[in-house]
Amino acid sequence: MKVTKLGTVLLTALVTAFALPGTASATTYRLSHNTSDTTTWHKGAQKFNELLKEKTDGKFDIRIFPNATLSGGDQMKQATMVSQGALDFLITSAINVTPLVPEMAVFSLPYLYADYKDVDATTSGPTSDKMAEILAKKDIVMLAWGENGFREVTNNVHPIKTPADMKGLKMRVAGPMYIDVMNALGANPQQMQWTETFSALQQGVVDGQENPIGAVIIPQRVYEVQKYLTTWHYSYDPVFVGVSNKLWSSWDADTQAKVRAAAVEAMDYQKKLTRDDTAKGVQFLRDKGMEIYEPNAGELQAFRDATKPAFDTWAQKVGPDLVKSFQDAIKKAQ
């Protein structure tokens, strides 16, 4: 009996050993993003994984980590980890990469864009290629643009109709450029990780915040802790899928083409979801009890004028030539 059992064990081991090279066991990669699993960011990540599995015949699999868990909740640190090869993929917004790549702030300059047509003119063509080149210098390969969206302002104190209404408000912001914008408006900006923001709003540590409707305010249920929203469209924020150059360089051209194709298709899907959710979002928020103020052209101009000093400061930091290339692309589209 002992010999029989030993023979069975050995046979099983041999079968397993010979079977392994022919199996379709997937290589698992890690992708980090800094919002919850209810957002279009996460849905875009899931679509990316689905498409990548399909295009690689199941050889690639992606494990998705929301809420920046792999970087200890630090949404700014994710890009550095990808740059160093410590993380495989990320989906993040341009503003979250600015500590590593200051030029990424160009997308979020106050009142650079008027509408989606302007946006699409810069996330394709020469300006998109230029941003990909800049990211590549930091060992991040940009695969495709998605959308966070136009950032709208919410608060719990009063409706915001003029720049003067911002004075003294404690505003949560995501990065350095928004600190300068809020200072220009007379607000009191406080940089804070997104994972800490909901409770800070709930407890009154901050009065308000600014984020896109479809990508963040609705799926992150900001309406539960904020009363007033103004659709001031003051800043735009794209998201993108990035991959570590260390990993990218390890693949042959065919694999790279499959990864990029999956990313482009996934971000097209994510962008459509975000824009659809934004289009119906204002009424949804009204139904949830928020008071919505929609400024007219003259009122928006007042905000544009008030934030011009921040625009000028950051245009110099980003690089005047880069800013001009964006402005030229927008004019051409118009």
Using a 4.5 Å cut-off on heavy atoms from C-beta on, say whether the side chain of [Y] contacts that of [X].
X      : Y      : value
Leu87  : Leu70  : yes
Leu112 : Gln327 : yes
Glu147 : Tyr116 : yes
Asn211 : Asn148 : yes
Asp120 : Lys271 : yes
Leu135 : Val97  : yes
Lys227 : Met290 : no
Glu133 : Lys130 : yes

Will you find, in the side chains of [X] and [Y], an N or O donor that is under 3.5 Å from an N or O acceptor?
X      : Y      : answer
Thr154 : Gln209 : yes
Thr197 : Arg172 : yes
Gln78  : Asn34  : yes
Ser36  : Gln220 : yes
Asp305 : Gln301 : yes
Thr255 : Asp252 : yes
Thr274 : Asp277 : no

Pairing residues for Val225 by the side-chain contact (heavy atoms from CB on, under 4.5 Å) criterion, not counting sequence neighbours
Phe198, Leu201, Gln202
Identify whether [X] and [Y] are in the same connected component of the hydrophobic contact network (ILVMFWY, side-chain heavy atoms under 4.5 Å).
X      : Y      : result
Trp194 : Val239 : no
Met182 : Val206 : no
Leu143 : Tyr269 : no
Leu185 : Tyr228 : no
Tyr111 : Met171 : yes

Evaluate Phe89 against Trp248 for ring pair (Phe, Tyr, Trp, His ring centres under 6.0 Å), listing each step before the verdict.
CA-CA 10 Å; Phe89 293 95; Trp248 179 257; 9.0 Å; no
Other residues, nucleotides, ligands: >12 heavy atoms within 6.0 Å of [X] [atom1]:
X      : atom1 : answer
Arg286 : CZ    : yes
Lys170 : NZ    : yes
Lys161 : NZ    : no
Lys138 : NZ    : no

[atom1] of [X] to [atom2] of [Y]: how many Å apart, nearest 0.5 Å?
X      : Y      : atom1 : atom2 : value
Glu291 : Thr230 : CD    : OG1   : 10.5 Å
His33  : Asn67  : NE2   : CG    : 7.0 Å
Asp254 : Gln256 : CG    : CD    : 9.5 Å
Met81  : Ser32  : CE    : OG    : 7.0 Å

[X] and [Y] ion-paired at < 4.0 Å:
X      : Y      : answer
Asp328 : Lys332 : no
Glu50  : Lys43  : no
Asp268 : Lys272 : no
Lys167 : Asp207 : no
Asp237 : Arg151 : yes

Test applied, side chain to side chain contact (heavy atoms under 4.5 Å, CB included); reference residue, Gln270; option that passes from Thr40, Ile91, Val241:
Thr40
Is it true that [X] and [Y] have ring centroids separated by less than 6.0 Å?
X      : Y      : result
Trp314 : Tyr178 : no
Phe150 : Tyr234 : no
Tyr113 : Phe107 : no

Does the side-chain hydrogen bond (donor to acceptor under 3.5 Å, both in side chains) test come out yes or no for Ser93 and Asn96, once each step is laid out?
CA-CA 6 Å; Ser93 66; Asn96 287 316; 2.9 Å; yes
Ignoring hydrogens, what is the shortest heavy-atom contact between Ala266 and Gly44? Give both atom names and the distance.
CB-O, 3.7 Å
Is there a side-chain hydrogen bond (donor to acceptor under 3.5 Å, both in side chains) between Asp287 and Gln283 once you walk through the steps?
CA-CA 6 Å; Asp287 293 342; Gln283 188 55 52; 2.9 Å; yes
Could you check Asp165 against His158 for side-chain contact (heavy atoms from CB on, under 4.5 Å), going step by step and ending with a plain yes or no?
CA-CA 8 Å; Asp165 295 326; His158 52 233; 4.0 Å; yes
Run the numbers on Leu100 and Ile140 for side-chain contact (heavy atoms from CB on, under 4.5 Å), then give the verdict.
CA-CA 11 Å; Leu100 180 67; Ile140 299 173; 4.0 Å; yes
